[in-house]
Amino acid sequence: MSPKPIKKSDLSKDWLKGRESKSKKIRINPEYHLIVTEGTDTEPKYFEAIKNEINRNFRDRISLEIEGTGDNTVNLFYKAKALAEESPNGYKHVWIVYDTDDFPADQINLTSTLCEENTTEKTEYHAIWSNQCIELWFLLHFAFYQSDIHRREYWPKITEYLTQLNAGEYRKNRDDMYALLKPFMDDAIRNAEKLEMNNDGKTPAESAPGTQVHLIIKKLRAYL
């Protein structure tokens, strides 16, 4: 026997609304993230590997877009802001990834300040700086370093650890760094947090060494 048609007089009844809602699939839009990096090789390749892993399992839950701009500090912020404002989807989080290198302290610190000042309920801007460079974040996967050494000294140290993994020499444009470092991710987060405690009350330019990359990793950790 086929079901009876619904009476017009019943269309506004609560029990019917409940029945109708159960028959419809609710579509939840993914949370959109924009990652804008100063570098055009090392950082984009690292975060693209993260994006690819997330897309394999959580494409409907979270969406990442990676942009390597080749710009730095304050200019990088304004480029990221323009990209965010042009997006039809809207980004919940905009992550601005940059090295302090030898840029002027006021530019390094202003980028962080601009992120705070431009954050709204709709879009949150994050200054993901590394003092002096993202290779510090890579190094923290293997050991805790709190000495303010020049960034050139990071390369041979990373190579030393990679050699122990039979992974060869470190190069800035390697596309396998995420895969190599992932087993040590929790150690890197703990070490970065220890540096963050050491740098409490300091500006980004004063936080040497220091990095904020762990903040984005912690945010995405549940999907990795």
A.B. asks: May I ask you to decide whether Arg221 forms a salt bridge with Asp186, counting only side-chain N to carboxylate O separations under 4.0 Å?
C.D. replies: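 Salt bridge present between Arg221 and Asp186.
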
A.B. asks: Just checking, is any N or O donor in the side chain of Asp101 or Gln132 under 3.5 Å from an acceptor N or O on the other one?
C.D. replies: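 No, because no side-chain N or O of Asp101 sits under 3.5 Å from a partner of the opposite role on Gln132.
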
A.B. asks: Among Phe138, Phe142, Tyr170, Phe184, which residue satisfies the ring pair (Phe, Tyr, Trp, His ring centres under 6.0 Å) criterion with Tyr161?
C.D. replies: Phe142

A.B. asks: Quick one: does any side-chain atom of Asn75 pair with a main-chain N or O of Asp71 as donor and acceptor, under 3.5 Å?
C.D. replies: no

A.B. asks: Out of curiosity, Asp175 CG to Met177 CE, how far, rounded to the nearest 0.5 Å?
C.D. replies: 11.0 Å

A.B. asks: Using a distance-only test with no angle check, is there a side-chain donor-acceptor pair under 3.5 angstrom linking Trp95 and His33?
C.D. replies: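 Yes - a donor-acceptor pair under 3.5 Å links their side chains.
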
A.B. asks: Where do Asp176 and Arg171 land on the salt bridge (Lys or Arg N to Asp or Glu O under 4.0 Å) test, with the steps shown first?
C.D. replies: CA-CA 10 Å; Asp176 59 352; Arg171 302 181 307 278; over 6 Å; no

A.B. asks: Lys194: which residues meet the side-chain contact (heavy atoms from CB on, under 4.5 Å) condition with it, sequence neighbours left out?
C.D. replies: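 Scan of Lys194 (side-chain contact (heavy atoms from CB on, under 4.5 Å), adjacent residues dropped) gives Phe144, Asn191.
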
A.B. asks: Quickly, which of Lys219, Glu116, His93, Gln212 forms a side chain to side chain donor-acceptor pair (under 3.5 Å) with His126? Name it, please.
C.D. replies: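 That would be His93; it is the only one of Lys219, Glu116, His93, Gln212 passing the side chain to side chain donor-acceptor pair (under 3.5 Å) with His126.
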
A.B. asks: Glu86 and Lys81: salt bridge (Lys or Arg N to Asp or Glu O under 4.0 Å), yes or no, with the steps?
C.D. replies: CA-CA 9 Å; Glu86 292 167 2; Lys81 191 170 187 291; over 6 Å; no

A.B. asks: Does a salt bridge link Glu67 with Lys79, judged by any charged N lying under 4.0 Å from a carboxylate O?
C.D. replies: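 Looking at Lys79 together with Glu67, the answer is no, because their closest N to O distance does not fall below 4.0 Å.
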
A.B. asks: Can you tell me how far OG1 of Thr42 sits from CZ of Phe47, rounded to the nearest 0.5 angstrom?
C.D. replies: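 Spacing of CZ (Phe47) from OG1 (Thr42) equals 11.0 Å.
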
A.B. asks: Looking only at side chains, do Tyr91 and Glu65 share a donor and an acceptor under 3.5 Å apart?
C.D. replies: yes

A.B. asks: Examine distances only and state if a side-chain atom of Thr113 and a backbone atom of Asn109 form a donor-acceptor pair shorter than 3.5 Å.
C.D. replies: yes

A.B. asks: Can you name the residues that form a side chain to side chain donor-acceptor pair (under 3.5 Å) with Thr111, not counting sequence neighbours?
C.D. replies: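 Here no residue qualifies.
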
A.B. asks: Could you please spell out the steps behind the salt bridge (Lys or Arg N to Asp or Glu O under 4.0 Å) verdict for Lys157 and Glu135?
C.D. replies: CA-CA 10 Å; Lys157 291 181 181 295; Glu135 278 77 13; over 6 Å; no

